Structure formats: C-alpha cells, structure tokens
Amino acid sequence: MVPKSAGRTTASPDSAHLCWRRPSSASGTPSGAQVPPEVMAWPWLSCLLLPALIVSVAANVAPTFLSNMSAVTLPEDLPVGAEAFWLVAQDQDQDALTYGISGLYAYFFNVIRNTGEVKLANLLDYETLYWFSINISVSDNHNNPVQKEMQVIVEDRNDNAPVFQNTDFSTSINETLPVGSVVFSVLAVDKDTGSAGAVVYSIERVIPSSDGSEYLFSILPNGSIILNGSLSYNNKSAFYQLELKACDSGGLYNNSIIVQCSSPVFVSISVIDQPDLDPQFVREFYSASVAEDAPQGTSVLKVEAMDSDRGINDLVIYSISNSTRPDWFKITSDGVIEVSSTLDREQLLEEDEEVQVQVTATEKNLNIYGQEAKVSIWVTLRVTDVNDHKPEFYNCSLSTCTFTPQEAQVNFTGYVDEHSSTRIPIDDLTMVVYDPDKGSNGTFWLSLEGPDAEAFSVSPERAAGSVEVQVLVKTPSQVDYEQQMVMWVQVVATDSVSKNSSIAMVTIYLRDINDHRPTFPQSLYNLNVSEHSEAGYVVTDSIHAFDPDTGEGGRITYSLLPGNGDDVFAVDPDSGTVTVRNGTLLDREKQAVYYLTLQATDGGNQSSSTTLHIILLDINDNKPVVTGSYNIFVQEEGGNVSVAIQAHDDDQPDTNNSLLHFSLLPSSYSHNFSVDPDKGILTNLGPLDREAIDPTLGGRIVLTVRVSDCGVPALWTDVNVTITVEDINDNLPIFSHPSYSFSVKERDPGVLIGEVEAWDADQTEANNRISFSLSGTGANNFILRGTVLGSGGAKGFLSLPSDTSLDYETQPFFSLTVSAENPDPQAGEATAQVLVTVEDVNDTPPTLDATSLRGIRVAENGSQHGIVAEVVAQDVDTMSQVEVQLVNVICTKAGIDVGSLCHGWFSVLDNGSVLINQSEAIDYETCDLVTLVVRACDITTDPRFQAYSDNGSLPITIEDVNDNAPYFLPEDKTFGGAPVLAQPPDDVYSHSQARDDDSGNNGAILFSIFQVDFVAKDGTVIPFQGFFRISTSVEDSVFTGNIELVTSLDSTLQGTYQVTVKAQDRPSEGPALEAKIMLNLFTVDQSYRVRLQFSISKEDVGANMEEIKAGLLGGSRLLTPPLPRSRARGRSYLDAYFVFSNGSALTLDQLSMMIRNDQDSLTQLLQLGLVVLGSQESQESELPNTLRNVVIGLGVALVLVIVIMTMILVCVQKSYRRKLRAMKAAKEAQKTAVGVMPPVSAIPGTNVYNTERANPMLNLPTKDLGFESQSSSSHLILALALHLPSLFPQKEALCSLKEQDPEPLSRVLSARKCDRERVGLRAVRGQWGVSAGFVGS
C-alpha cells in the first residue's frame, strides 16, 4: 500500500474556459447600443459549418465504457497518489481516447487522461463518506464525451482509536460504600466498525498505589467502575485517581492487524468521610502539677481531642467521668481542668501525691450507628507541697510509726552507762520526728537544750520528712553516776523554712559501771628503726599502760590492732615490748612510715589505745639513675650548649644518700665545657668553632658526665653526651668602600656607570661565594653584573640596559643600595650606598593641563566678551620656554561638522588665554559646539627630541538664547483645507507641524486654538468656540498639533471652518515667541465615501497602504491622496473620500472610469488584493445579486445553445429570430456586468454610517487605519465592483469559467486565452463554489 498524503488538485484554468458569443436582447438592440458585425456574422458561419458537422457525426462512432465500469470498492487507508482503478472504454474507430472524472466528489481522484489510470488525490474516510457517486467520461475528440455514473464504495479500516465521551471524569463516594457497588461509568466510542469498533476498557494505574489500592477498583466491559474493597477516609486515602485506557479489539490497517488505543484519561474519585470513628486525644498521656494551696478556679491543664473522622471534624465535648479525688477538680467545655475545691497534698501520701482524673471526650453528634462517639483518658495531676506543717515528735520506731495523733508525745526517757564513750546513744529511747511536708518544706534541724545539754548531742542534726532521733554522749566526763544519777535534756525540732519548732523533754537515767580502763601516758609515740633491720630487733620496751583498778580489772594485756604494719612488727602481750617481725619488709623506699595502734585491755574487757609512729631510717642502698640519651646539635659561633642531665636517686630525699653531684670526666675537648655540679647543666665555656675540631670526628664531641651521690660509701653512674657542632657561614662579605658615587646623562642607554668590589673571609666555596643585588627606588632601571676575582673576592659592574635610559625630569638622582651576600639565605649581607646622579638634557615635550581643557559655555549673540578660558602648559625640563599654539577649530551643530563658520569667533594667545574675537557673530543655530584644538611647544627642546605636546581639545558649548520664533512646516498637499464630518469619533481631522531652531525649553512648542470661524457658502462668517481642540506631540524635534473634534457639528451647515492655530515656545527666561497659521476644514457629505474591499487581511492592507494609495492616486489622477477610513466586520475594508480642494469629490462611477483608463494602476491594485470597489450598500446586496445574475446568465446561455442548434437546422428561415434572441442575451449580459456594483451601502448588519451624516476624515498614517476582522462571516467574498465592460475598450472577448477552486486575482491577469487575448477578473463565492469571469467588450 502507498502511504496516505493530503492535498487537492484542481483542473487547469485553461481547460475550463469556454468561448461564448455575447447574446442579444430578444426585443432588439438596447437603446444606445449596436450589435457588432462579428456577432451578426456568426449565424451565417454556423450555417456553413452545419453540413460538415452532420457528415462528421455520421462517420464516427462514440466510444463506450466496459460493463464493469459502474462501481468500485476502495479501502479508506489507500494512500494519496496510489493507483485507485482504471477507466477502460472501447472505441470501434480505434481513436485516441481521453478520460475524465467530474461531479461533486471528483476531487478525490486524478485521471491520467490518455491512459485512464485513476490515482487517489485526497484521502478517503469511511466514517465521513462511505459511499458516493462520480461521473466518468471518455472522449474520442470527434464525438461528444460519453459520461457514465460510477459508484465508489469505501471500505472501513481500523484508523480510529476509541475516544472517551465524558467531559467530567470526577465523582465522590462515601467511605461506607459496599463492595461491588458501581463507582463511576465511562463511555468510549470508536467510529470504526466490527472488531475495530469494539471497545475494551482497562485500569492502567491507581494513584496512590500503596496499601493494595491497585486492586481496589475494577472496570466492567460496559465501562462501569466497580469497588472491589473497603474504603477508609482516614486510614487509607481520601482521594484516588484512576488512569483509564480504552482500546479497540483490533482490525486491518495498512495491511496489518493493529490495535488502536485512546489517550489515557484520569478519573478522580473523592472519598467522603462518614462519622464512624471515635474521637482521639491529641496526646497519649497528660500530666500536670498544681500547688496544694491553689485557689478554686485555677487552670491546671488543657486536654484536647479531635474527631478521628478528619473529613467531618465534629465538635468535641469534655467531661470528668471518674476521679480518685472526686470534687477536687472540674473540666470546662473546651477541655481546661480547673481546681474546684481545697487541695491537701498530705492526704495523697499513699497515692504518690497524685490525683487520677478520667476525662471523657464525646462528639456532639451521634455516629453512623446511632451511638455516642467518645473516648476516655486518665490524666495525672500531681499536687505539689506547701510548707503548712511543723515537725512533731512521736514515741515509736520508724518502721512501725503511723504518725497518728495518739503516737505524738513530748516526754521521753532513756538510760546510759556512766562515762560512756563519746557518741554512745542513750538506751531505750524510741523517738521519731516527722514533718509531712516535702522537700525543703519537710526539712528540719535538731538541737539540744536544757540543764545537761552540754553533756549530750543529738543525731542527726538535720533531717527531712521523718527520722529516728538518738541522744548521744558528748562529754563522757560529765556523765558520772557518782556526781549525778539523772540528767535532763530538751530536743528541739525546728522547720528549716518556716522556723516553726516543737520541743520534747528527755529524762536520762545513768547506770553505774566499771568506769576505769587502762590508760597510756601518751596518745602518740614517735619511734625510729633502720630499714632492713633483722627480725627480733627491739623497737621499744618503754611503753606501758596504767589502770587504777585492781584485781582482774587491773590486769593489762597488750596487743597490736590489725592494720598497716601488723605483719612487720610484733608486741609482747605481757610486757608491751615492740619488736621487728619481718626485717625484709622494712624498705624505706617502699614505705617510710608506719602507724600502729597499741591497745591495752584490763580484765573487765575495758581497753584503751595509743598510736605508735614508727619512722624507717634510710641507708645508702641505691645508686643514681640517669634517664634519657643525649645527642646535641649546635651551630658554631652563635650556638650554645645547655643541656640538663636528668638523674635521680631513690634513697631518702634531702639526705646525702640521695644528694647528687655532677662532674665532667677529662677528654680532648672537655676543657671547652663545664657542668654544674648540683644541677647537672652542661654548657660550653665559649663560642664553638667547627674548624677547631678534628675533621675526622665530623664535628662530633663526646663528653662523659659522672653522676654520684653523697652517701657513705658513695655510688655513681656515668653517661655520655654527644655534641655535634654544625658549620655556618659566619663571615660576611666586606665592600672595598662603604659608599660609591657615579653620574650619567639622561637619555643615554646601555652605558657603564661604575664598579663595586667585595670580599668574604670564609674558607669554603659554599660560604665565601658572593652575589650582588641592587635595591632602592628606581633600581629596576640598572643592571649589576658580578664576576669572581679569586677565592672570596667579587666585582660588580653597574650599567644601564641597552633599551633603558634615565629621565632627569622623572628622577634627577637615584639613591641605591648594593648588597653582597652568600648563597645561604640565613646568612647576613653587606651593603654599600650607591648614588647615581642624572645629568639633565632638554628632552621632554611640554604637556597641557587637563583641568584647563575642561569645557566652557559661552552664550550666543554678543552676550560675552574678553578672556573666557586659560589653557595651562607645563614642561618639567629645567631650561624650557613654552608657548600655546592654536592648531585647529572644529565647528559642529548637533554633532555634524558645519565647516569654518566659527573659525573667527575665538583666538588663543601664546600664554594660553582664550579670547572672544567676534562676540556678535556667535550663533547657536548655526553652530552649538566650538572645539579649539591646541598644543604646547618648547622652543628650547634638544633637536633630537619632540618639542610639541599632544593636541588638546577645549570644547566651548554655545548656549542658546531664545532668538528664534517657531515656524510652521509646509504641508505636503496641494490645498490648505481638510474635510470634516459632523460627528466627533475622536479622530484627527487635521494637523500642523512646526519647528523652533532654538534648543531645550526655548525650542519646545505648545499648540493652541487661537480662533475658529465658520465661513458659510454664502460668505457669512460665524465665530465658533469649543468645537475643536488640539494636542501636541513631538518626534525628531518636529512638533505636531493634531486637531480633534470635541463635540458634534451641525450637519446642516455647509462651508469651511477656518481654524487659527498658534505655536508658542516656552523659554526658561525672557518673553515667549509665537507663530500662527490658519487651517481650512470644509464639510464633506457622507455620500462621497467609496468602500474598497480586499481579499487580504487587515494587517496586510495596513502594511501595503502606501502602495494602495499610490495606485489609487495614479488611477484617479488626483493631486491629493484619498482620505481613508477603516471599519472591518469580517472582511478587510478601506473607506476613502476622493475630495478636491474646493470641497467637491469623485463619485464612484467617475473613480471607476479613471481606474479603468489606467491599466497599470488597475494591475497594481489587483495585485495588492483589491476585489471590490463600491459603496457600502452595493456590498450588502452583492451576494444575492451575483447569485441571481449567475443563474440568469446560465439560463440565457442554455437558451442560447438551443436557439443556435435550432438555427443550424432551419438556417436562413429563423435568422431574424436568432438576432432578436442574441440581442436579448446581450442585454442580460450587460445587466449582469453592471449588477456587480450596485450603489448601496456596505458592512451589512450595521448602522455605523448613514447617508444623512458624515464622518470627519483626513489623510491618516497607515498605522492608524484601525482595521478589524469580522468574525460573523466565514467566507471570503472576492469581487471587483467596477463597470468592467468599459474597463478594456480595446479588448473584446467573453469567457465563462467552469467551477474551480478559489485562486488569487493575480492569476486571472495571466489567463488570456480563448482565441483572443483577454483580461479577466475572477470572483469566487466560497459559500456556493461559483466562479465567473468578465471581460470588457
């Protein structure tokens, strides 16, 4: 199959032309018309040709089509240009046959006329036209063509994809919609037939695609979308989007079975939430704290719950449904929990000081089940403490106290042995102090008062909440049974915050006991023993305890209490002698001091103890220890050795055993060093010189330092110290002179200026090699080249580069510093001062001071005189004589050179003074900028150098003075009047242009209406005011005053409006100047309007306006251009008034005649798209008149054919009747040609224009025509409303065109065939498809 292609072919214009003779009127020749001789001769010519025609018909047989040429079947996907079928006919005479196709649908095919092959010209479409008829024809060029009707049957192909018919693909469903319900229905239609038109639906995608939503919906074959699963607005999704696609079931297309699918569409499904969920609290847990003294109404906490049905968001009501402390709290409607009664934290001690409140949130409306939707949550409210209690005493043990009022007590008793030790508690005393407050509020102090308070203490002294209280023995000596058997104390409990207190009385009964125990004379004994003493060594045998008791109570036994040292020392239990148990453990360096507790116990098991402080005495058993290794690098000369030998001795500090002494053992270089005997710091005695060390040692010196202690006998340790002396460049170069002085002439490049020398005392080449460098201001102007003189010597040559010379004016001398240095960047350098004096030469050209060349301003017309500026010249040479010279004078006006107009206005003196020579001659209008080109010249300059400065420009701006009055520019037209109509459509009716040669405000022009007079046709002058206004615009310094009509004029007045326009400038100072002009605006009748219709768009008409106006001017031979107006209503129109300077105008007929007489203008207008020339009324009635004339013309043509055939048969007998009918036909043809341009108004359906009013009109610019395009007409009407029979008097031919496609008018001009040369205009009515051609006779 050949691919499809679009397009339509048309028959050749030449093949559609039939040559006709102009018919005559049946009643004779019309008045004033004559029948041409050629027309009268045609019947006689027909009579002569009749016999030949009869013989020809009898001798030749017409061809016939084959019997199967009655119907053809074609697939609709047959491509354009492909072979469709063949036309086959038989001819007995074997003549060459010519085939053709005609009819309403002939445009579908192209016929190769000589072969009969038919190719497809336009695509077939089964859905649009599945059957149609065409007329096929065959001709042997001898007989009339044989025609036959052929049926064309179009076969359907799968060339259409299904198309969804719905326009709104969105719906809303309840989330409780049952599974299996229909959610939405869609419909897709496929224009194809059979399986190619059977639509299959599918769901391509579900958005969102999570939570198994892709299986939530399905679609039935009929397009119904079914719900497959449950919905949930809150838990799943509140919105789904289904991507649907519709495909056909496949069909044949381009010889292949294909499936066509539609573009995907999206169905939006919104899920409507239903009240099926209980509300939820915003937080999972609520807790808050409130002070127990909070007043009623205090806000404690706000809870918040929301409707779980987010799409409904019902109002939530709060209530307290349960509480561990009813009536303590309440809740408001908005969820705020408040205090409703007195709070007491102490009532909540068993409840962890918290109140549990159950809050229930209930939705205002019932859910879908008719029940209340509610939710509850427990809220924890912690009651915080306030200090509202004081501590109180209770007679109970802490573990069993209930702190009831019955247990509260203020009197207590207890017992204690006399002389009980300190902090021995009173027996049988069960006292508890309790303060129910919390934290610092429940903290209290305990103290003792009373007669015996000094003998006892209380424990604890500070407590919080509750505590068991003990009264302890503080002073045992005062607790003496023999002195006092009963003692009394008061225990005071004081609140630490409020200072409130409670007092309890304690009665203490003393018990008599064995109150004497062994005692040592001293509580501490200091003992010494040497380290490493042997076992059994007696430490002491003089320590004894004493007990005044006798008998068993006085027998004393000694023992060492377990602790530090009981494994090192031992004591005799009877004598109390202390000895060494294990001497190997006595090491002072590990433990130097032992503290032993020696206890003495009597027979009554009473005991006392004393402390033995045993100090181990040191012996010299450790030699010094040196830490680290010592490798030292030091530079010669400037480097110093200072290293501390780190050593220590583990023997007892601050003794001779640990006191260290440092000494330096003798060696080859030890005399150059010393060591501090006490600190061990090794230093050099003087500068080190690398060259003094044996070269084989590589600069390394090894010293031995001995470290010994001062014990007896002394112990020591030796350590080696390696010192590496590094070589440095320690000798600086020395110049032969401390300073140098040279001189050189300026502008003398490449000369040698002087020499410098330097020496270095170092012996090695690496350290005694000398390089020179030069520094100082201007050092880059010199070159210093060095050369080696010998070991340690160098010479530097100072010169100028070959391309560099010095300038005395820039710098008369140079103070330089020459440096001699070694390659080592760390080494120093030697410097010498070099003074280079530059000898002056007069070589520098003078210069002009730029500040003196700043522009000045001079007013025109003799406003200023004398010196107006000073040009300053300078020369830096010492011997210079400078003068200023005038080189050139440049005169410009608005940036354009005006020649030598200003050459004599100014002059320049040698000293630079600028004078005005001709003050009165200075004229801004001829020259607004004078540029003086000056230069400075030094007459003493050295001949080798330039004596002149660069040229400088001194701009002198000529300031304008308001010395020019405005003047009006001449109008580009032949008369001073412009037409004006009666109504004010805000159009411009006239304009005046003026200029002012001044600048700025002096040249700004403001237009105004000075006077308006109406001059009637009888000469009467009537003043008018307020009917016109003028606006001012400016472009390229040309000011335009546009005159506009302010109010409607009296349409009955005929005459001229004399409008006097005043143009006045607006100077910044001084009086204003003005000019006046009179404009004549005459009234124009609306009937003068001519409407031009174009086949091109309004934009193209506007773009071609100048060419259109040129064509109209050429055809009308007017000296003034037409005055165009535009008003578009679907076609491109141009209204024009062809008005003469006297107020008269061309009529439509006169304009048509003028254009017809100018063939070039007519051709130009046709090429520019002109199709109708007429009035508004003519174009309104043009369509029906043209149709009527075409029908009449066709009827006349048919009658004419019958008449001619009859005349051929009867020949001479009917000649007179043929003449009458021919004249009648000619009369009808004349009516048809004239009827093209009936003089009626244009733009049907509007009353914008009417005959009794006129619109003001002027020669507007093309851009202001204001074309519009009418949307009410979809057919382009092309016709030339001219009296065409008189357009071409020199050409006589009449052609009738067969039905064709529309073509441009320009093609008609080239269609000049049909036996004689003709000029044709083609008018196409797109609505009916009628074409007609007219030619002038």
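As the structure is a prediction and not an experimental result, all values here were calculated from the model. This chain uses plain numbering: 1 for the first residue, then up along the sequence.
Contact detail for Lys893 and Glu925: the closest heavy-atom pair is CE-O, 3.5 Å. Thr892 and Asp928 get closest at one heavy-atom pair: O-OD1, 2.9 Å. Taking both residues in full, the closest heavy atoms of Ile916 and His865 are given as CD1-N, 4.0 Å, listed atom of the first, atom of the second, then distance. The minimum heavy-atom distance between Asp1065 and Leu1073, with the atom names listed, is OD1-N, 2.8 Å. Heavy-atom minimum distance, Val933 versus Ser953: CG2-OG, 4.3 Å. Ile1005 and Arg1066 make their closest contact through O-NH2, 4.1 Å (heavy atoms, listed as atom of the first residue, atom of the second, distance).
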> Does the pair Val858 and Val930 meet the rule for a side chain to side chain contact (heavy atoms under 4.5 Å, CB included), with working shown?
Replying inline: CA-CA 10 Å; Val858 175; Val930 178; over 6 Å; no
>> side chain to side chain contact (heavy atoms under 4.5 Å, CB included), that's the test. Do Val898 and Thr926 meet it? Break it down for me.
In response: CA-CA 8 Å; Val898 296; Thr926 60; over 6 Å; no
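Side chain of Thr931 to backbone of Pro955: no donor-acceptor contact under 3.5 angstrom is found. A donor-acceptor pair under 3.5 Å links the side-chain atoms of Glu860 to the main chain of Val961, judged by distance alone. Of the possible donor and acceptor atoms, none in the side chain of Gln1064 sits under 3.5 Å from a partner among the backbone N and O of Glu1074.
Side chains of Asp1013 and Gln1011: a donor-acceptor N/O pair is present below 3.5 angstrom, by distance only. Donor-acceptor pairing under 3.5 Å is recorded for the side chains of Asn964 and Asp998. For Tyr924 and Asn861, the side-chain atoms include no donor-acceptor pair closer than 3.5 Å.
Distance check: Ile956 CD1 to Leu929 CG gives 9.0 Å after rounding to the nearest 0.5 Å. In this structure, the separation between CG on Leu932 and CD1 on Ile856 is 7.5 Å, given to the nearest 0.5 Å. To the nearest 0.5 Å, atoms CD (Gln918) and NE2 (His903) are separated by 11.5 Å. Separating the NZ atom in Lys1076 from the OG atom in Ser1008 is a distance of 9.0 Å, to the nearest 0.5 Å. Here the straight-line distance linking atom CZ of Arg1029 with atom CG of Asn1042 works out to 11.0 Å at 0.5 Å rounding. Atom-to-atom distance recorded for Leu1079:CG and Tyr1057:OH is 15.0 Å, nearest 0.5 angstrom.
Counting only heavy atoms from C-beta outward, the side chains of Val1101 and Ile1108 approach each other to under 4.5 Å. Considering only heavy atoms from C-beta on, Leu1045 comes within 4.5 Å of Phe1028 through its side chain. Residues Cys927 and Trp905 meet the side-chain proximity criterion, which asks for heavy atoms closer than 4.5 Å. Under the 4.5 Å side-chain criterion, counting only non-hydrogen atoms from C-beta, Leu1165 is not in contact with Leu1092. Proximity of Phe906 to Leu954: side-chain heavy atoms (C-beta onward) are nowhere separated by under 4.5 Å.
Here the two cysteines Cys902 and Cys891 have their SG atoms closer than 2.5 angstrom.
With sequence neighbours excluded, no residue satisfies salt bridge (charged side-chain N to carboxylate O under 4.0 Å, His left out) with Glu1107.
Note on ring orientation: taking the six-membered ring where Trp is involved, the planes of Phe968 and Phe1007 are tilted (angle from 30° to 60°).
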